Amino acid sequence: MKNLFKKLKSKQHLPLLLFVVSGLLNEFLLRGLTIGNIFYWKSTVASIAILISLSLIPLLMDNRKRSKRLIVMSFLLALLYAANYLYHKHFDSFISISLIKQIKFLNDMDASISTILDLRVLLFFIPPILFAISSKKLENMDYSNTIKKERTIKNLVGPVAIGAICLVSVLTSLTSTDYSRLVKQWNRPYLVQNLGMLSYTLSDLVKTAVEPSTVIAELDDKVVKEYVDELIDENIASKKENIEITENYKDIFKGRDVYIIHYESAQTFAMELEFKDGNVTPFLNKMADEGLTFNNFYPQHSVGTSSDTEFTFNTSLYPINNGTVFISHFDREYISLQHLLKDEGYYSVSMHGNNGDFWNRNIMHQTLGYDHFFSKNEYIIDEEIGLGLSDMSFFNQSVDKLKKLKEDKEKVVATLITLTNHFPFDDVEKYGEFDVGHLEGTTLGNYLKSYHYADKALESFVTRMDEEGLLDNAIIILYGDHHAQIPMSDYELLYNYNPLTKDYYTIEDEEYISIDGISSQKLRRTPFIIWSKDGALDMEIDTSMGMVDALPTIGNMLGIFNEYQLGNDIMNTNENLVIFPDGSWIDDKNYFSASLTSYYDYFNNIVPEDYSLLNKTKMAEEKLALSNEIISEDLIKSRREHKTYFPR
Ligand code: GP9
Ligand code: MN
């Protein structure tokens, strides 16, 4: 070892080499822990080019300071990688400067943060520590005096040449899709996967500096106008078509009270599970049996999780690709379920046991058109589980409030946002007894216990609402807001358990089920149920649908219509493309993962791309771009002001 250091000591750019290696190790580590694909030549070469460029500034300083500065930079990079690792655990994506405003909401989730702060984060500091130790060792051996002292341009030729070769080789290999994704940045995991963390961070910094308004105008004005005109024409035409169909469900719930349950982290797969103590969600299953149930319903949230879902459910627009609508685009005009129902004489409220400013709801709920938001300060916090007021108490107090409202409001639309069934599911002793068998002690096991609790709370709500006579002329609309952030390895435990041997199937076994590709996407389905006491609609619908389709579907039943809706009325559609904000999509035949750029069939085989698949990907990107334009350019408002809209 000593000999090795002696040999190396004569090398001019040894600190630079150690800096690059330390950065690369962290790049590999992050990839391994997040996207799973450790080595890819483009991202490696791009990272080398950026690390060399970063090291050029200290290279111009005197040798002693140069090493120290490189070490400091190496620690800063470790911090960047570690932060992105933690962020990915929570949001399945990577940090963007435009999301800095959201950090406040992470602070509010103390419990979640303490759980995601796992010890693996310390691994990112090992490479810079090793770098610092090696530098110290070299310093002790008088390294800086051994090598040439002049700080001439000549010294830089070597590193600059290597950096330039790396850069050119990556740039020339980029496809037009790569370039377009670098500019749009919808798909941050794709960028990290293909070009590395450092290239992504750099492009994000450039984009934020160039476009401080947070969302890029991706289409030119004329094209946007044509697209919006087309969208409105199509929406009006399909509305007319629907009227001509006999079984069109039009207006069947017109005038009824509407109680919407934003059911935190409720996933569909758990509804099918049964353990020693019975089903995880017996009451939810009963509602699904009695009501109109959509079996293949997908949330379409981005990093704004709950808030994105609220936005998409209420407006039939997608979350924006840069930032979060509730925080950065609360001051735009939207056509929402609340505004539309208010035009029909409804009084509209939202209810939630958490702080009103969480996700900027205090403000954004006004924008969406709620007349009143009952938040934490209007509830008695008499029982706390997980993030705050327990669902059982929340529902119970909410029934009292609704009962009071109904005394003087003729028609009410209320959104009840639940809270207990929220990651990290570690308040286990408060969920009550529920045996989860071999899943005991896992995050998934705890989630199922929490979900079972949420189910009992739901039952108490519906039972009391009925007792108070509030369901006689009403419908309940329930949707799961997003998946529960269960680690994929826990799903492996669920689906690969052999009860006979009490062991798990492995990849070598025929029975082994791999949780990836379309399987992992299908696990993220959430319930969507329209229920009424009179059982007016007792059906199951299998067509794939997304949150964006909720408003068109229920709108038709309630006799309201949003000409800017980007979704479809699923009761009058046979084929539907469910588009996710990162450009991925699923329909009844295929799934496209944008981060892996892979197409899957329903047997989870990767299939080659063809014209029809590529066309769907293009359609998905166009629809997302259109949604971004409507939001960022405040098109609904400006078109109304210029009278280029169709009256409702
Ligand atoms: C907070 C709750 C949770 O009030 O709605 O938000 P989420 O973390 O699910 O986005
Ligand atoms: Mn949520």
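Just so you know, these numbers come straight off a predicted model, no measurement behind them.
Not a single donor-acceptor pair under 3.5 Å links the side chain of T315 to the backbone N or O of S336. Judged purely by atom type and a 3.5 angstrom limit, T443 has no side-chain atom pairing as donor or acceptor with the backbone of I486. Side chain of S627 to main chain of Y318: a donor-acceptor pair is present (N/O by atom type, distance under 3.5 Å, no hydrogens or angles). The closest donor-acceptor contact from the side chain of D204 to the backbone of Y200 lies at 3.5 Å or more, if one exists at all. A donor-acceptor contact shorter than 3.5 Å links the side chain of Q300 to the backbone of M547. Of the possible polar contacts, one joining the N628 side chain to the N321 backbone as a donor-acceptor pair under 3.5 Å is found. Looking only at distances, a side-chain donor or acceptor of H339 sits under 3.5 Å from a matching main-chain atom of T367. In this structure, the side chain of R31 engages the main chain of N37 through a donor-acceptor pair within 3.5 Å. N26 places no side-chain N or O within donor-acceptor distance of the main-chain N or O of G23, the cut-off being under 3.5 Å. The backbone N or O of V170 sits less than 3.5 Å from a side-chain atom of S173, completing a donor-acceptor pair.
Here the shortest heavy-atom pairing between I232 and E563 reads CG1-O, 3.5 Å. The shortest heavy-atom contact between A620 and L577 is N-CD2, 4.5 Å.
Taken from CZ in F528 to CG in N295, the straight-line distance is 12.5 Å, to the nearest 0.5 Å. In this structure, Y495 OH and D490 CG are separated by 12.0 Å, a value rounded to the nearest 0.5 Å. Taken to the nearest 0.5 Å, the CD1 atom of I570 stands 12.5 Å off from the OH atom of Y249. Note that CD1 of I507 and OH of Y512 are 5.0 Å apart. Values are rounded to the nearest 0.5 Å. For the atom pair NZ of K623 and CD1 of I579, the computed distance is 5.5 Å after rounding to the nearest 0.5 Å. For the atom pair D588 CG and D542 CG, the distance stands at 8.0 Å (nearest 0.5 Å).
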Derivation and outcome, side chain to side chain contact (heavy atoms under 4.5 Å, CB included), residues F294 and D549:
CA-CA 11 Å; F294 301 88; D549 303 310; over 6 Å; no
Could you give me the CA-CA distance, side-chain angles and deciding distance for E511 and Y505, then say whether side chain to side chain donor-acceptor pair (under 3.5 Å) is met?
CA-CA 7 Å; E511 295 86 347; Y505 296 120; 4.6 Å; no
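H482 and H422 have perpendicular rings, their planes meeting at more than 60° on a 0 to 90° scale where under 30° would count as parallel. Y491 and F269 have perpendicular rings, their planes meeting at more than 60° on a 0 to 90° scale where under 30° would count as parallel. By the 30° and 60° cut-offs, the orientation of the rings of F326 relative to H365 is perpendicular. The aromatic rings of Y81 and F124 sit parallel to each other, their planes meeting at less than 30°, with 60° as the upper class boundary.
Side chains of Y479 and E310: a donor-acceptor N/O pair is absent below 3.5 angstrom, by distance only. Donor-acceptor pairing under 3.5 Å is recorded for the side chains of D516 and N604. Between the side chains of Y564 and R639, at least one donor N or O sits under 3.5 Å from an acceptor N or O. Under the 3.5 Å distance criterion, with hydrogens and angles disregarded, no donor-acceptor pair is assigned to the side chains of T543 and N576. Between the side chains of S544 and N296, no donor N or O sits under 3.5 Å from an acceptor N or O.
Counting heavy atoms from C-beta outward, Y599 and W585 have side chains that approach closer than 4.5 Å. Contact of the I529 side chain with the L284 side chain is registered, since non-hydrogen atoms from C-beta on lie closer than 4.5 Å.
Comment: D634 does not engage R640 in a salt bridge, judged by the lack of any side-chain N to carboxylate O separation of less than 4.0 angstrom.
The stretch residues 602-639 participates, sequence neighbours left out, in no ring pair (Phe, Tyr, Trp, His ring centres under 6.0 Å) pair at all. Note on residues 609-620: pairs passing salt bridge (Lys or Arg N to Asp or Glu O under 4.0 Å), not counting sequence neighbours, are D587-K616, K618-E622.
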